[in-house]
2 protein chains.
Amino acid sequence: MPDALSLTFSALADPTRRAILARLRDGEASVGQLAEPFLGRMTLPAVTKHLKVLERAGLVTKGRDAQWRPCTLNTAPLRDVDAWMEEYRAHMEASLDRLGDYLKSITTPTRPDPADDHRDR
Amino acid sequence: MPDALSLTFSALADPTRRAILARLRDGEASVGQLAEPFLGRMTLPAVTKHLKVLERAGLVTKGRDAQWRPCTLNTAPLRDVDAWMEEYRAHMEASLDRLGDYLKSITTPTRPDPADDHRDR
DNA sequence: GGCATTGAAAACCTACAGGTTAATTATCCA
DNA sequence: TGGATAATTAACCTGTAGGTTTTCAATGCC
C-alpha cells in the first residue's frame, strides 16, 4: 500500500487522467461524457480504469444518478502536492537564473557557446 | 515516450525518490551518500536505478569527479509541475469552503439520517 | 602493476499498469 | 415484461517498474 502522496503523483502521471481532471474543472460529468474525447484512442473500460485510479487517489468522486455516475473533481490531494512543492520553492527561485540555460539546452541543438565555459567545471 | 510532465510526475511517485530529492536540497551528494539511508531496505543498484529515473525526468544531474558521480538537484521540471498546478489553484481555493463544511459535517453530528441505513461502515 | 573503491550494466524475476474483448449489472422507458 | 443505455467486472495480454545477484569499468593509491 503506497502512501497517499505517491498515489496522487502516480495518478497524475498520465495525460489521459490529467485531461479528465481538466475536463472536470468545468463541472461534473458522467463517465460517458468524460470518455467521449478518448474513444477514438481507447475503449470505455479503459477510461473506467483511469477513473478508478483517480478515485483511489481521491482526486475524483463518483456519485450516482440512475444509471449515470456523475464525477466531480476533488482537489484535496492537490493541496498535499502543493504542500510538498512548498519545500522546493526556495530552491526553485534560487536556481531561476539557470532556467535560461536549461531551456536553451533543450531547444537549441548544442550550439557551442563560449559563454558556457563556466559550467561543467 | 511519455511527455515530460508525465515523466516528472511518475518520477515523483515514489517515496525513495522523493527522499533522494529532499536530501539533494542540502547540497550535492555522491551516489553512495544518497544510497546510505536506504541500504537497509534495498541494494545499491536499486538506488542507481532510482537515480536514473530522476535523471531521465531532469530532476537530477549527475556529474563526475574521479570515481564519484556528484548528483545535484534540478528544479526546472518542478516549475512545470507548478505551472500545471496553477490551473487548479482557483478550484482548490473554491473548494476550501466546502472542506470547512465537510469538516463541520463530520464533527457536528446532524440528526440521524434514515437514508444512511444502507451503509455498512 | 595490483588492489580497493565507486558506480554502472547485464540478466533475471515478480508484480502491476494500461489496454483489449466479452459478459454482467443496474436503470430507465415503451 | 422486455429492450436500450450506462457503466462496471472479468479474463486476458503485453510491457514496464522496481527489485535482486552477479559481473564489469573507471579511478586513486601503494
Side-chain angles (χ1 to χ4, degrees), chain A residues 1-21 23-24 28-72 120-121, chain B residues 1-21 23-24 28-72 115 118:
Chain A
M1 254 186 211
D3 61 295
L5 198 51
S6 297
L7 219 58
T8 303
F9 276 130
S10 135
L12 296 177
D14 182 289
T16 301
R17 290 196 288 266
R18 289 197 305 276
I20 289 175
L21 292 183
R23 164 64 185 78
L24 286 178
E28 79 174 23
S30 70
V31 175
Q33 287 173 325
L34 289 174
E36 188 270 337
F38 310 108
L39 290 185
R41 262 164 290 167
M42 68 188 73
T43 60
L44 196 73
V47 176
T48 297
K49 279 195 181 181
H50 280 302
L51 277 171
K52 193 169 297 183
V53 172
L54 291 169
E55 223 182 339
R56 216 166 89 83
L59 285 160
V60 160
T61 309
K62 231 175 289 186
R64 38 192 335 172
D65 174 12
Q67 63 246 243
W68 294 273
R69 300 297 132 90
C71 301
T72 60
D120 275 351
R121 32 166 180 276
Chain B
M1 38 165 91
D3 60 297
L5 197 51
S6 298
L7 220 59
T8 303
F9 275 131
S10 140
L12 296 177
D14 183 289
T16 301
R17 289 195 289 263
R18 290 198 303 276
I20 290 176
L21 292 183
R23 163 64 184 79
L24 286 177
E28 78 175 22
S30 72
V31 174
Q33 288 173 324
L34 289 174
E36 188 270 336
F38 310 110
L39 290 185
R41 261 164 291 168
M42 69 186 72
T43 61
L44 196 75
V47 176
T48 297
K49 280 198 181 181
H50 280 302
L51 275 171
K52 192 169 296 184
V53 172
L54 291 169
E55 223 183 339
R56 217 166 88 83
L59 285 160
V60 160
T61 308
K62 232 176 287 186
R64 36 191 341 170
D65 175 11
Q67 63 246 237
W68 292 273
R69 301 298 133 91
C71 301
T72 59
H118 65 285

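First the proteins, then the strands, lettered A, B, ... as listed; each starts at 1.
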*Asks:* Just how far is it from atom CZ of B/R17 to atom OG of A/S6, taken to the nearest 0.5 Å?
*Replies:* 8.5 Å
*Asks:* What's A/S10 touching, base or sugar-phosphate or nothing? Going by heavy atoms closer than 4.0 Å.
*Replies:*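 If one applies the 4.0 Å heavy-atom cut-off, A/S10 turns out to touch nothing in the nucleic acid.
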*Asks:* Going by heavy atoms closer than 4.0 Å, what residues in residues 38-48 of chain B are next to DNA chain D?
*Replies:* B/R41, B/M42, B/T43, B/P45, B/A46
*Asks:* Under 4.0 Å: is that the gap between some side-chain N or O of A/R17 and OP1 or OP2 of C/dG18?
*Replies:* yes
*Asks:* Roughly how many Å is it from CD in B/Q33 to C1' in C/dT6, rounded to a whole number?
*Replies:*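 Distance check: B/Q33 CD to C/dT6 C1' gives 11 Å.
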*Asks:* Rounding to a whole Å, what distance do you find between B/D14:CG and D/dA17:P?
*Replies:* 12 Å
*Asks:* OP1 or OP2 of C/dA17 less than 4.0 angstrom from a side-chain nitrogen or oxygen of A/H50, does that happen here?
*Replies:*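 A/H50 to C/dA17 OP1/OP2: no side-chain N or O under 4.0 Å.
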*Asks:* Who pairs with A/E36 by salt bridge (Lys or Arg N to Asp or Glu O under 4.0 Å), at least two apart in sequence or on another chain?
*Replies:* none
*Asks:* At under 4.0 Å between heavy atoms, what does B/T16 touch on the DNA or RNA strands: base, sugar-phosphate, or nothing?
*Replies:*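 B/T16: no heavy atom of the nucleic acid under 4.0 Å.
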*Asks:* Over how many whole Å does the gap from B/L7 atom CG to D/dA17 atom C1' extend?
*Replies:* 13 Å
*Asks:* Can you tell me if the side-chain N/O atoms of A/K62 get under 4.0 Å from OP1 or OP2 in D/dT8?
*Replies:* yes
*Asks:* Would you compute the distance between atom OG1 of A/T48 and atom NZ of A/K62 and round it to the nearest 0.5 angstrom?
*Replies:*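 Output value for this atom pair is 6.5 Å.
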*Asks:* Does A/R64 make a side-chain N or O approach to OP1 or OP2 of C/dT27 shorter than 4.0 Å?
*Replies:*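 Checking A/R64 against C/dT27: at least one side-chain N or O falls below 4.0 Å of OP1 or OP2.
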*Asks:* If you measure from NE2 on B/H50 to CD1 on B/I20, what distance do you get to the nearest 0.5 Å?
*Replies:*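 One finds 6.5 Å between NE2 of B/H50 and CD1 of B/I20.
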*Asks:* Can you tell me how far the CZ atom of B/R18 sits from the CG atom of B/L12, to the nearest 0.5 Å?
*Replies:*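 CG of B/L12 is found 7.5 Å from CZ of B/R18.
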*Asks:* Pick the closest DNA chain D nucleotide for A/E55 and for A/K49 by heavy atoms, then say which residue is nearer the 5' end.
*Replies:*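 The residue mapped nearer the 5' terminus is A/E55.
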*Asks:* With nearest nucleotide decided by heavy atoms, which residue, A/A66 or B/W68, maps closer to the 5′ end of DNA chain C?
*Replies:*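 With A/A66 and B/W68 compared, the 5'-side residue is B/W68.
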*Asks:* Provide, to the nearest angstrom, the distance between the CG atom belonging to B/L51 and the P atom belonging to C/dT6.
*Replies:*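 Roughly 16 Å, once rounded to whole Å.
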*Asks:* State, to the nearest 10°, the angle formed by the axis through the first five base pairs of the helix from C/dG1-D/dC30 to C/dA30-D/dT1 and the axis through its last five.
*Replies:*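 Axis-to-axis angle, ends of the helix: 10°.
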*Asks:* Taking all non-hydrogen atoms of both residues into account, name the closest pair between A/E28 and A/P70 and its distance.
*Replies:* OE2-CB, 3.5 Å
*Asks:* Take the protein atom CG of B/L54 and the nucleotide atom P of D/dA17, then report the distance between them rounded to whole Å.
*Replies:* 13 Å
*Asks:* Below the 4.0 Å mark, does D/dA17 have OP1 or OP2 next to a side-chain nitrogen or oxygen of B/K52?
*Replies:*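 The answer is no; no side-chain N or O of B/K52 sits under 4.0 Å from OP1 or OP2.
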*Asks:* Going through the distances and angles, do A/L24 and A/L34 end up as a side chain to side chain contact (heavy atoms under 4.5 Å, CB included)?
*Replies:* CA-CA 8 Å; A/L24 286 178; A/L34 289 174; 3.8 Å; yes
*Asks:* Let me know the distance between CD1 of B/I20 and P of D/dG18, rounded to the nearest Å.
*Replies:*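 Between P of D/dG18 and CD1 of B/I20: 11 Å.
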*Asks:* Search all heavy atoms of B/S30 against all heavy atoms of B/W68 and return the closest pair with its distance.
*Replies:*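 Scanning both residues completely, I find the closest heavy atoms to be CB-CD1, 3.9 Å.
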*Asks:* Please test B/M42 against B/T16 for side chain to side chain contact (heavy atoms under 4.5 Å, CB included), starting from the C-alpha separation and ending with a verdict.
*Replies:* CA-CA 10 Å; B/M42 69 186 72; B/T16 301; 3.6 Å; yes
*Asks:* Expressed in angstrom and rounded to an integer, what is the separation of A/L34 atom CG from D/dA6 atom P?
*Replies:* 14 Å
*Asks:* Tell me the closest heavy-atom pair linking A/A57 and A/L7, and the distance in Å.
*Replies:* CB-O, 3.8 Å
*Asks:* Rounded to the nearest Å, what distance is computed from the CZ atom of residue A/R69 to the P atom of nucleotide C/dC28?
*Replies:* 10 Å
